[in-house]
Every structure is written in C-alpha cells, then in structure tokens.
Amino acid sequence: MSRVLSPLAILGALTLSALAALGRLAIFTGQTFVHMIRPPFYIKEFGAALMNVGYFSLPVIGLTTLFTGGALALQIYAGGARFSAEAVVPQIVAIGIVRELGPVMVGLMIAARVTSSIAAEIATMKVTEQLDALVTLSTHPMKYLTVPRVLAGIVVVPALVAVGNIIGIMGGWAVAVGTLDFNSATYLQNTADFLETSDVVTSLAKGAVNGGIATLMGCYYGMNSGRGAMGVGKATKGSVEAAAVLILAANFILTGIFFSS
C-alpha cells in the first residue's frame, strides 16, 4: 500500500506546489496593476526602463528578425517549389512574420535580454538589502522598481514588434529579390495587398502581452530571489525560463482567440 500511495503523494505535493506558485504570481500581478493607477509615479524610472527595454534592444531584435525573414523566404520557396507555388513567398513571409514570428521572436529576445537583466538587478538589490533601504525611505519597492519596468514593457514592446515586422519582411524581400529572382515592386505590392489591418493589430496586441510577461517575470523572480549569489543565479535563470514558456503559451492562446473563426 505504501508503494502505491508514495507516487500519489509525490504527485499531490507537486500539484500543491504548482498551485501555490501560481497563486503567488497572480497576487504579485494584481498588486502590480493596482500600483499602476495609484500615485506616486516615478517618471524618471519609467523613462530609464523605456530606454533599457526599447532602445537598447533594437540591435538584437533587428538582426534576429532580419535573418528570420530571410530564412523564412528560403524555406517557403523551397517548399512551394514542390507544388509549383513559388509565387506565394511574399504572402506567406508577410503573414508568418506579422502574425506569429515577429511577436514571438521579439518576445523571446526581450526575455533573454531584459528579463534576465531585471531579475539579476532586483535580486542583487534584495541580497544587498537595498530593497529594505527603500522601505526605510518610505518608498514602496514594487511601485519604484516593478511598475515602471512592467509599464515600459507593455508600452514599448509593441513598437519593437512593429519595427521587427518591417525588418523581417525586408529580410525576406532582400533574399527573394537578390537570390530567388523575384521582381522587387511585385514582391512589395503582393505583401501590402495580402496583409490586413487585423493582422497588424493582432501583432501589436501580442507584443504588449509579451512585453508585460517578460518584464513581470523579471521583477517577480527578482523580488522573490533567495539569498547569496546562488539565489541571484537561480532567480535569473528561472525568470528567463518562465518568461519564455509563458510567452509561447500566451501566443498560442491569443492566436486561438484572434483567428479561431
């Protein structure tokens, strides 16, 4: 009987642990959004977060989406050639980049670059008792550290997605025109004709969600890190893993919502 109950006990313990972690994250998320609408507002911190999340992420996002668009054009052309459908390259590249690859790639790059940075920064502040110092100065750590970063992620990541979409489409255009002998004007016209406003709106909405997830995970794991260098390392690693998984899960859910009909 003990051999039968032992696996069930382990499964139950894991389930309770997962539910507890989900509950803590839900409470942290709720507190973050409540603090967003309550003064004081730290404009300087918000501006610094905009620069960190947005401007300084442009190079890696530009290169990532550029090569992704070029590789997608090659793959679509190779696959379409099997069915004499090479002409669909501009349409499929545009829809693939704008609806899916653009928001996802930008979200994952933000998770790799920004989430890890935020988690390490806040976790180090916790280890060195700087969060306690903020409290003694009558400054709420969540309002001062979490709210500006999460709000910046929600605001600026859609702009990064828009830039990434354009660069990705241009990457596909460069490969198609330079390597696959497509006519430049025809390629761009087909791209513009195929995309709809709903595709762009969906892409930007995904960007806002992904930006919020990436920054929120960095703040959550940083605020709840363990002590010492090992605690900082675990918080940084856990934040990136959680952000990446949640971004992909959110992308799946949003795709089902926007394109289910």
Side-chain angles (χ1 to χ4, degrees), residues 22 24-58 60-61 102-126 130-131 133-135 137-165 200-225 235-236 238-240 242-251 253-254:
L22 183 62
R24 289 191 295 269
L25 178 59
I27 292 173
F28 186 87
T29 303
Q31 291 175 341
T32 299
F33 283 98
V34 168
H35 282 298
M36 281 185 183
I37 60 177
R38 292 180 177 177
F41 305 106
Y42 297 97
I43 304 301
K44 184 177 179 181
E45 288 297 313
F46 176 65
L50 284 177
M51 293 295 292
N52 182 41
V53 177
Y55 181 75
F56 294 123
S57 297
L58 281 173
V60 66
I61 286 173
V104 170
M105 294 303 295
V106 170
L108 293 178
M109 289 302 102
I110 293 296
R113 182 189 173 276
V114 176
T115 303
S116 58
S117 174
I118 292 175
E121 179 184 355
I122 296 179
T124 302
M125 294 180 69
K126 180 178 181 180
Q130 294 181 54
L131 297 185
L134 287 175
V135 175
L137 295 172
S138 300
T139 301
H140 199 295
M142 179 173 288
K143 181 172 286 292
Y144 185 78
L145 297 173
T146 301
V147 170
R149 288 162 173 78
V150 175
L151 187 59
I154 295 174
V155 170
V156 79
V157 172
L160 293 177
V161 169
V163 173
N165 289 344
V200 178
V201 172
T202 299
S203 183
L204 299 182
K206 287 184 175 182
V209 172
N210 292 345
I213 290 173
T215 50
L216 185 68
M217 289 301 99
C219 295
Y220 174 76
Y221 277 85
M223 291 284 190
N224 294 279
S225 69
T236 304
S239 67
V240 176
V245 172
L246 289 177
I247 284 171
L248 293 174
N251 179 72
I253 294 171
L254 292 175

- Backbone of L254 reached by a side-chain donor or acceptor of K206 within 3.5 Å: no

- With F41 via side-chain contact (heavy atoms from CB on, under 4.5 Å) - residues at least two apart: P39, I43

- Mind checking what makes ring-ring contact (aromatic ring centres under 6.0 Å, His included) contact with Y42, not counting sequence neighbours? Y144

- Query: How many angstroms lie between CG in L25 and OH in Y221, if you round to the nearest 0.5 Å?
  - Reply: 7.5 Å

- Query: Is the shortest heavy-atom distance from the side chain of V106 to the side chain of N165 under 4.5 Å?
  - Reply: no

- Query: Distance-only, no hydrogens or angles: does the N251 side chain make a donor-acceptor pair with backbone N or O of P103 under 3.5 Å?
  - Reply: no

- Main-chain N/O of A112 paired to T115 side chain as donor or acceptor, under 3.5 Å: no

- Message: L131 vs M223, test: side-chain contact (heavy atoms from CB on, under 4.5 Å). Steps then yes/no.
- Response: CA-CA 9 Å; L131 297 185; M223 291 284 190; 4.0 Å; yes

- Task: Determine whether the side chains of S117 and N52 contain a donor N or O and an acceptor N or O closer than 3.5 Å.
- Result: no

- Query: Where is the tightest heavy-atom contact between S239 and M217, given as atom of each residue plus distance?
  - Reply: CB-O, 3.7 Å

- Query: Going from CG on N210 to OG1 on T215, what distance comes out if it is rounded to the nearest 0.5 angstrom?
  - Reply: 10.5 Å

- Message: Distance check, rounded to the nearest 0.5 Å: L145 atom CG versus M125 atom CE?
- Response: 4.5 Å

- Task: Please tell me if the side chains of M36 and V150 come closer than 4.5 Å, counting only heavy atoms from C-beta onward.
- Result: yes

- Query: Hey, does the side chain of K143 reach the backbone of R38 with a donor-acceptor pair shorter than 3.5 angstrom?
  - Reply: yes

- Message: Show the nearest heavy-atom pair for residues A111 and V240, with the distance to one decimal.
- Response: O-CG2, 3.7 Å

- Item | Nearest heavy atoms of I213 and A243, plus distance in Å | CG2-O, 4.1 Å

- Message: With rounding to the nearest 0.5 angstrom, report the CG to CG distance, L151 to L50.
- Response: 7.5 Å

- Message: So, taking the atom named CD in Q130 and the one named CD in E121, what distance separates them when rounded to the nearest 0.5 Å?
- Response: 9.0 Å

- So CG of N224 and CZ of F28: to nearest 0.5 Å the spacing works out to 6.5 Å

- What are the two closest heavy atoms between I247 and G107, and how far apart are they? CD1-O, 3.3 Å

- Do the non-hydrogen side-chain atoms of M142 and T32 ever get within less than 4.5 Å of each other? yes

- Item | Over all atoms of both residues, closest heavy-atom pair of A49 and P148 | CB-O, 3.7 Å

- Task: Classify the ring geometry between H35 and H140 as parallel (under 30°), tilted (30 to 60°) or perpendicular (over 60°).
- Result: tilted

- Query: Considering all heavy atoms of both residues, which atom of V114 and which atom of S57 are nearest to each other, and what is their separation?
  - Reply: CG2-OG, 3.8 Å

- Check against side-chain contact (heavy atoms from CB on, under 4.5 Å), I122 and C219: CA-CA 7 Å; I122 296 179; C219 295; 4.0 Å; yes

